[in-house]
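Below: the structure, in structure tokens.
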Amino acid sequence: MLTFEQTNILGQILTDKSAPGQGNIASITSHLQGDTLILTYQTIVNFASERSLRLQTDKLAYESSQILKKKVSNIKKLFSESSDDPLSLKEEGATDDVELIQATSISPLKVGYYRRKVRFRIEN
């Protein structure tokens, strides 16, 4: 369990909008709930057909997991620079989903949100 000071340091790192991993097309949000850190990656995607949905989703899953790994690495680095102790995170699970926000029978183009949510247990 983190001390109050460590929780404050981690909170400041998570709310820093100038940190790498933040972009205009994609975003990463974070939630700290007790000893659990939840990172959510979200982006808007365009699907040209039903067949491309699976291919694009697989590609997005890979890309988002790489981006989230970089984000976690950056969080750990900043935490160890600000605190005397390293931050130990254990991944508990990840989920991803696609939410269609625009689809018509006239056009094959579909627009949706892709989200990947990863839960980490803080083991300090």
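What you see below is based on every heavy atom in this structure, not just the backbone, and it leaves out hydrogens, waters and symmetry mates. In this text the structure is predicted, and so the values were computed from the model without any measurement.
One finds the CD atom of Glu92 at 9.5 Å from the CD1 atom of Ile38 (value rounded to the nearest 0.5 Å). Ile67 contributes atom CD1, which lies 12.5 Å from atom CG of Leu39 (distance to the nearest 0.5 angstrom). Here Arg116 contributes atom CZ and Tyr62 contributes atom OH; the two are 12.0 Å apart, rounded to the nearest 0.5 Å. In this structure, the separation between NZ on Lys90 and CG on Asp35 is 12.0 Å, given to the nearest 0.5 Å. To the nearest 0.5 Å, atom CD1 of residue Ile13 and atom NZ of residue Lys76 are 12.5 Å apart. Note that OH of Tyr114 is 10.0 Å distant from OG1 of Thr43, once rounded to the nearest 0.5 Å.
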Please report the C-alpha distance between Gln66 and Lys69 in whole Å, then the side-chain angles of each, then the deciding distance to 0.1 Å, and finally whether the side-chain contact (heavy atoms from CB on, under 4.5 Å) criterion is met. CA-CA 5 Å; Gln66 295 304 310; Lys69 282 180 185 177; 3.9 Å; yes
Given the rule in the side-chain contact (heavy atoms from CB on, under 4.5 Å) test, do Thr95 and Val118 qualify, once you have shown the distances and angles that lead to the verdict? CA-CA 7 Å; Thr95 59; Val118 184; over 6 Å; no
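A distance-only check finds a donor-acceptor pair linking the side chain of Thr7 to the backbone of Thr3 [under 3.5 Å]. Panel note: side chain Ser83, backbone Ser80; no donor-acceptor pair is recorded below 3.5 Å. Of the possible polar contacts, none joining the Ser82 side chain to the Phe79 backbone as a donor-acceptor pair under 3.5 Å is found. Distance alone, capped at 3.5 Å, is enough to place a donor-acceptor pair between the Gln56 side chain and the Asn46 backbone.
Placement of Leu55 and Leu60 in two distinct hydrophobic clusters is found when ILVMFWY residues are connected by side-chain heavy-atom separations under 4.5 Å, directly or transitively. Criterion: ILVMFWY side-chain heavy atoms under 4.5 Å apart, direct or through other members. Under it, Leu32 and Ile9 are part of a common hydrophobic cluster.
Checking Ile75, Thr15, Asn124, Leu78 one by one against Leu10, the side-chain contact (heavy atoms from CB on, under 4.5 Å) holds for a single residue, Ile75.
Side-chain atoms of Val111 and Val45, non-hydrogen and from C-beta on, never get closer than 4.5 Å to each other. Considering only heavy atoms from C-beta on, Ile28 stays 4.5 Å or farther from Thr40 through its side chain. No side-chain heavy atom of Leu109 sits less than 4.5 Å from a side-chain heavy atom of Phe47. Val72 is listed as a side-chain neighbour of Phe120, based on a closest heavy-atom distance under 4.5 Å.
Heavy-atom neighbours of Glu5 CD from other residues, nucleotides or ligands within 6.0 Å: at or below the threshold of 12. Heavy-atom neighbours of Arg115 CZ from other residues, nucleotides or ligands within 6.0 Å: above the threshold of 12.
The pair Lys117-Asp96 does not meet the salt-bridge criterion, since no charged nitrogen lies less than 4.0 angstrom from a carboxylate oxygen.
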